[in-house]
> 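Sharing a structure, written as structure tokens. Questions coming.
Chain identifiers are assigned alphabetically (A, B, ...) following the order of the sequence lines, protein sequences preceding nucleic acid strands; residue numbering begins at 1 within each chain. As the structure is a computational prediction, the values presented were derived from the model and not from experiment.
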Amino acid sequence: MSVRVRFAPSPTGKLHLGNVRTAIFNYLYSKNKKGTFILRLEDTDAVRSTDESIEGLIKDLKWLQIEWDEGPIIGGDYGPYRQTERYDIYQNHLKKLLEEDKAYPCYCSSQALDKLREEARAKGVNFIYPGTCRRLTEKERKEREASGVKPSYRLKVSPHIVSFKDLIRGDVSIHTNLFGDFIIVRQDLSPTYNFAVVIDDSLMKVTDVLRGEDHLSNTPKQILLYEAFGYEKPNFGHFSMILGPDNAKLSKRHGDVSVEAFRERGFIPEGLFNALALLGWSDPEEREILKKDELIERFSLERVNKSAAIFDENKFRYINKQHILCLPLKDFANMIKPYFVKEGLVNESFSDEEEEWFLKVAEIVQKRISLLTEAVEQAKVIFEFEPSLLNDEIKAVLQEEDCLKVILSYALKAEKRDLTTRENYISLVNEIKNETKIKGKNLYHPLRICVSSSMSGPDLDQLVPTIEIGSKLNLPVKIESTSQRAWRYIQFLREQGYKI
RNA sequence: GGCCCGUUCGUUCAGCGGUUAGGACGCCGGCCUCUCACGCCGGUAACACGGGUUCGAGUCCCGUACGGGCUACCA
């Protein structure tokens with residue numbers, strides 16, 4: 001039989017790393033098995049569910065390229081895929097259980113229940129519903145009904161141990177005394193989580209229920225429900241939690257851990273997807289940088305780890321960097337462009353020349369960043385030049401006797417040259433080298449300083465032509481050519497009392 | 001409190017009865033180089049503890065400790 005899995009988030013906020021990792025595992029598992037990946041919205045919590053969350057959720061999944069085969073927007077044969085649109089189905093199921101005497105109405109007020117709960121806690125024992133309404137006679141039931149009390153509905157649960165084989169954790173056994181007769185339908189006739197999940201998973205023919213460990217103790221309740229309905233049980237598998245640095249379940253307390261936040265921080269979909277997949281799963285050959293198709297091909301539940309994992313920022317950045325490196329230059333350029341537009345450094349729409357030039361900028365930046373948001377910072381040297389930024393390192397270079405000679409020579413020669421190609425730049429440097437007999441660090445350090453006012457940055461033979469081409473373009477912020485920069489540097493040095 | 005699950009370098013993932021306990025990130029050192037970065041080479045560092053089982057245990061069993069999850073008319 002073909003595998004069918006689902007990702008069933010409740011749209012009560014932003015999609016966060018823990019949830020999306022569950023989505024990724026489900027997705028990888030289903031695609032590996034050539035099965036079906038279903039998206040279902042568990043929006044029965046009327047108070048907390050919002051349309052905004054649904055939109056965000058869909059946007060995030062699409063961004064990560066986790067596409068669903070059945071679900072909202074695209075539909076499918078087992079819809080609807082929003083629980084709030086399935087209430088009649090739940091009502092029918094409740095009716096059936098009532099008729100078969102497997103469930104019963106409970107008229108106890110929540111206040112009374114709260115009191116019992118408190119008492120149980122005071123005595124240090126686990127609270128379970130005492131079954132008051134289970135033993136009501138038909139007459140008593142009628143009386144309560146007549147008095148206008150709206151009941152909730154509970155499942156009849158007998159005391160016994162429920163066991164199941166978890167796909168990830170192996171044999172798990174839990175005693176039903178842990179929860180007793182639990183509520184399946186609320187007073188307002190809305191289904192509770194466990195009730196709706198079982199009905200939906202059955203009707204949607206889900207074969208494997210794969211979710212977070214926080215649902216492990218719900219599983220016996222759900223098994224009881226499958227048995228009550230006479231439905232075939234799916235396989236269950238529970239992934240370990242993702243923890244924050246303090247060892248607690250990853251949450252808002254650890255900063256914004258939403259997918260949206262990671263997107264805004266400059267992660268690319270391939271990188272985040274890969275990093276998340278590696279949190280709790282490992283490749284048989286211990287490869288770490290994997291594309292989506294490779295992950296699909298290599299994924300298996302056998303290699304999913306049982307123990308919780310602490311989210312590690314460093315590793316995520318590293319993996320993201322590797323994927324940035326894999327990006328075709330054109331795609332990468334398109335990804336970083338918005339950041340430059342936002343800073344007012346380039347125009348929103350490019351001329352052909354600008355386009356070609358920006359590709360060079362992108363090339364310089366690509367191997368120097370881990371996050372897209374770092375692109376502008378790394379390219380700053382192309383756009384800005386500030387002679388007055390003297391640090392100790394630069395001052396030390398300026399003390400060298402030959403330094404000023406190199407700078408002056410460059411300024412003189414550069415203003416008459418076309419330095420828009422690497423070849424032209426190199427031949428000019430060679431000229432300086434031959435005429436002044438200065439070479440190595442003594443040559444390159446002054447050159448770097450007078451064109452970039454910095455001691456570090458991209459290779460000069462790449463940087464200088466890019467600056468030169470940029471200086472000839474009609475950009476929002478005019479780029480100063482390297483000869484202008486050199487002259488301005490000389491000017492500055494003279495003001496500082498250097499003899500040049 | 002009760003129940004369930006987990007525990008290998010700082011972090012992450014290998015290991016599925018016999019290994020010098022391996023890879024990756026981070027960190028440190030070196031090489032490359034005009035600097036930084038990239039890349040390459042090397043180093044650092046772990047089987048929570050105590051009992052068993054076994055010729056032999058990180059690997060199997062039982063305790064203890066620690067961590068996490070659940071304990072709702074939330075999902």
Side-chain angles (χ1 to χ4, degrees), chain A residues 8-12 19 42-45 47-49 83 106 108-110 113-114 117 120-128 150-154 166 168-170 172-175 177-179 182-194 196-197 211-220 238 240-241 243 245 247-249 275 278-289 302-303 305-319 321 325 364 366-369 378 393 397 429 439-449 452 454-461:
Chain A
S10 57
T12 56
N19 285 138
E42 310 221 324
D43 55 347
T44 57
D45 185 338
V47 184
R48 296 196 301 143
S49 296
Q83 291 188 326
C106 172
C108 297
S109 70
S110 49
L113 257 18
D114 285 346
R117 229 187 304 275
R121 188 187 298 249
K123 272 191 274 183
V125 296
N126 191 236
F127 168 78
I128 61 169
K150 289 260 175 278
S152 58
Y153 295 87
R154 290 179 182 273
D166 191 282
I168 295 169
R169 330 192 86 82
V172 178
S173 300
I174 297 176
H175 199 107
N177 276 168
L178 234 188
F179 43 83
F182 61 95
I183 291 180
I184 51 177
V185 172
R186 301 185 190 104
Q187 237 174 351
D188 66 0
L189 294 181
S190 65
T192 60
Y193 165 72
N194 287 301
V197 157
R211 74 247 283 203
E213 193 190 341
D214 44 346
H215 288 289
L216 192 59
S217 33
N218 281 320
T219 308
H238 295 271
S240 60
M241 304 273 82
L243 273 26
N247 261 333
K249 184 171 151 184
L278 245 36
L279 222 46
W281 174 83
S282 63
D283 179 73
E285 291 169 31
E286 296 195 52
R287 277 183 57 191
E288 300 208 294
I289 305 304
E302 288 75 57
R303 296 193 67 85
N305 206 116
K306 281 193 260 289
S307 52
I310 296 171
F311 159 72
D312 179 27
E313 171 94 23
N314 272 328
K315 192 67 178 266
F316 271 52
R317 289 170 61 99
Y318 166 77
I319 292 171
K321 184 192 194 109
L325 251 17
I364 286 173
Q366 190 169 19
K367 66 169 189 279
R368 304 177 70 85
I369 63 172
Q378 284 302 324
E393 236 184 326
V397 173
V429 172
K439 57 186 180 182
K441 286 193 206 307
N442 290 336
L443 174 63
Y444 289 104
H445 281 165
L447 284 177
R448 176 173 292 283
I449 290 171
S452 75
S454 168
M455 282 290 287
S456 67
D459 290 344
L460 286 175
D461 56 1

> When you measure from the side chain of R368(A), which nucleotide among G68(B), A37(B), G6(B) comes out closest?
A37(B)
> Rounded to whole angstroms, how far apart are CZ on R287(A) and P on G23(B)?
18 Å
> Roughly how far apart, to the nearest Å, are G2(B) and G23(B) at atom C1'?
41 Å
> Need one value for G212(A): base, sugar-phosphate or nothing, where a base atom within 4.0 Å counts as base even if backbone is also close, heavy atoms only.
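Nothing, no nucleic acid heavy atom in range.
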> Please determine, for the side chain of S307(A), which listed nucleotide (U7(B), C34(B), G68(B)) has the closest atom?
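Taking heavy atoms from C-beta onward, the closest nucleotide is U7(B).
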> Whole-Å distance between U11(B) P and I319(A) CD1?
17 Å
> Using atom P of each nucleotide, how far apart are A57(B) and G18(B) to the nearest Å?
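The same atom, P, in both gives a distance of 11 Å.
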> Report the distance from atom NE2 of H175(A) to atom C1' of U71(B), rounded to the nearest whole Å.
15 Å
> For a quick test of reading the model, state the closest non-hydrogen atom pair linking E285(A) to D283(A) and the distance between them.
N-OD2, 2.9 Å
> Would you check, one step at a time, whether the test side-chain contact (heavy atoms from CB on, under 4.5 Å) holds for V397(A) with I449(A)?
CA-CA 9 Å; V397(A) 173; I449(A) 290 171; 3.6 Å; yes
> Go ahead and name the base partner of U64(B); Watson-Crick or wobble counts if both distances stay under 3.5 Å, otherwise write none.
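A48(B) is the nucleotide pairing with U64(B).
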> To the side chain of Y444(A), which of C70(B), C34(B), C4(B) is closest?
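Taking heavy atoms from C-beta onward, the closest nucleotide is C34(B).
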> Please name the nucleotide paired to C3(B) by Watson-Crick or G-U wobble geometry with both distances under 3.5 Å, or report none.
G69(B)
> Examine the base of G23(B) for any acceptor or donor lying under 3.5 Å from a partner atom in the side chain of E288(A), and report the outcome as yes or no.
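Per atom types, the contact qualifies.
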> With side-chain contact (heavy atoms from CB on, under 4.5 Å) as the criterion, how do V197(A) and R211(A) come out once you've worked through the C-alpha distance, each side chain's angles and the decisive distance to 0.1 Å?
CA-CA 12 Å; V197(A) 157; R211(A) 74 247 283 203; 4.2 Å; yes
> Which atom names give the shortest non-hydrogen contact between K441(A) and P446(A), and what distance separates them?
O-CD, 3.7 Å
> Given atom CG of L243(A) and atom P of U7(B), what is their separation to the nearest angstrom?
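After rounding, the reported distance stands at 13 Å.
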> Closest approach of S10(A) and E42(A), non-hydrogen atoms and distance?
CB-O, 3.1 Å
> Would you mind classifying the nucleic acid contact of R48(A) as base, sugar-phosphate or nothing, using non-hydrogen atoms under 4.0 angstrom?
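Touches a base.
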> Does any nucleotide pair with U54(B) by Watson-Crick or G-U wobble geometry, both distances under 3.5 Å, and what is it?
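Because no pair has both required distances under 3.5 Å, U54(B) counts as unpaired.
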> Go through the steps for D214(A) and M241(A) under the test side-chain contact (heavy atoms from CB on, under 4.5 Å), then give the verdict.
CA-CA 8 Å; D214(A) 44 346; M241(A) 304 273 82; 3.4 Å; yes
> Think K321(A) has a side-chain N or O under 4.0 angstrom from the OP1 or OP2 of C38(B)?
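Yes, within the criterion.
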> Where the side chain of N314(A) is concerned, which of G68(B), G26(B), C73(B) is the nearest nucleotide?
G26(B)
> Think S110(A) has a side-chain N or O under 4.0 angstrom from the OP1 or OP2 of C73(B)?
no
> Out of C34(B), C38(B), G68(B), which has the shortest distance to the side chain of M241(A)?
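Closest nucleotide to the M241(A) side chain: G68(B).
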> Could you work out the separation of C25(B) and U20(B) based on their C1' atoms and round it to a whole Å?
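Roughly 24 Å separates the two C1' atoms.
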> Please determine, for C40(B), whether a Watson-Crick or G-U wobble partner exists with both distances under 3.5 Å, and give it or none.
G30(B)
> Indicate yes or no: at least one non-hydrogen side-chain atom of P9(A) is less than 4.5 angstrom from one of N19(A).
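Side-chain contact under 4.5 Å: no.
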> Given the P atoms of G6(B) and C13(B), what is the spacing between them in whole Å?
15 Å
> Can you see if the side chain of T44(A) gets near the phosphate of A75(B) - specifically, an N or O under 4.0 Å from OP1 or OP2?
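Yes, within the criterion.
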> Return the pairing partner of U11(B) with a 3.5 Å limit on both distances, Watson-Crick or G-U wobble; otherwise return none.
A24(B)
> For Y318(A) and G23(B), give me the distance from atom OH to atom P, rounded to whole Å.
14 Å
> With a 4.0 Å cut-off on heavy atoms, is L447(A) in touch with a base, just the backbone sugar-phosphate, or nothing at all?
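Touches nothing.
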> Of the listed nucleotides (A24(B), C73(B), U35(B)), which one gets closest to any side-chain atom of R448(A)?
U35(B)
> In terms of side-chain heavy atoms of D214(A), which of C70(B), C13(B), C34(B) is nearest?
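The closest nucleotide is C70(B).
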> I need the K249(A) NZ to S240(A) OG distance, nearest 0.5 Å.
12.5 Å
> Can you tell me, in whole Å, how much space there is between the C1' of G39(B) and that of C47(B)?
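Taking atom C1' in both G39(B) and C47(B), they lie 34 Å apart.
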> Give one of base, sugar-phosphate or nothing for S217(A), where a contact means two heavy atoms less than 4.0 Å apart.
sugar-phosphate
> Under 4.0 Å between any heavy atoms, over every strand shown, what does E42(A) touch: base, sugar-phosphate, or nothing? Just pick one.
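Since only primed, P, OP1 and OP2 atoms lie under 4.0 Å of E42(A), the category is sugar-phosphate.
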> Need to verify one output field. Residue with the more 5' nearest nucleotide on RNA chain B, L325(A) or M455(A)?
M455(A)
> Go ahead and name the base partner of U59(B); Watson-Crick or wobble counts if both distances stay under 3.5 Å, otherwise write none.
none
> Mind checking the C1' distance from C9(B) to C5(B)? Whole angstroms is fine.
24 Å
> With side chains defined as the heavy atoms from C-beta onward, is the minimum distance between I184(A) and N194(A) less than 4.5 Å?
no
> Whole Å only: how far is the CG atom of N247(A) from the P atom of G69(B)?
10 Å
> Quick one: which of U12(B), C25(B), U35(B) gets closest to the side chain of I310(A)?
U12(B)
> Heavy atoms only: give me the nearest I168(A)-N305(A) pair and the separation to one decimal.
CG2-O, 4.4 Å
> With rounding to the closest Å, how many angstrom separate the C1' atoms on C61(B) and U53(B)?
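My reading of the C1' atoms in C61(B) and U53(B) gives 7 Å.
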> Given atom CG of L216(A) and atom C1' of C5(B), what is their separation to the nearest angstrom?
6 Å
> Using a heavy-atom cut-off of under 4.0 Å over every strand shown, decide if T12(A) touches base, sugar-phosphate, or nothing.
nothing
> Between G1(B) and U64(B), how far is it from one P atom to the other, in whole Å?
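Their P atoms lie roughly 13 Å apart.
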> Tell me which of V172(A) and R303(A) sits closer to the 5' end of RNA chain B, going by the nucleotide each one is nearest to.
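By nearest-heavy-atom nucleotide position, the 5'-most residue is V172(A).
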> Which nucleotide, C70(B), U35(B), C38(B), lies nearest any side-chain atom of K367(A)?
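In terms of side-chain proximity for K367(A), the closest of C70(B), U35(B), C38(B) is C38(B).
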> Using atom CG of D461(A) as one end and atom C1' of C34(B) as the other, report the distance to the nearest whole Å.
10 Å
> Would you mind classifying the nucleic acid contact of N442(A) as base, sugar-phosphate or nothing, using non-hydrogen atoms under 4.0 angstrom?
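No contact.
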> Confirm from the modelled atom types if N218(A) and A75(B) form a donor-acceptor pair under 3.5 Å, side chain to base only.
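By the distance-only test, yes, there is a pair.
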> For a quick test of reading the model: is some side-chain N or O of K249(A) closer than 4.0 Å to OP1 or OP2 of C70(B)?
yes
> Could you work out which one of U35(B), C3(B), A24(B) sits closest to the side chain of L178(A)?
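For L178(A), the side-chain atoms sit closest to C3(B).
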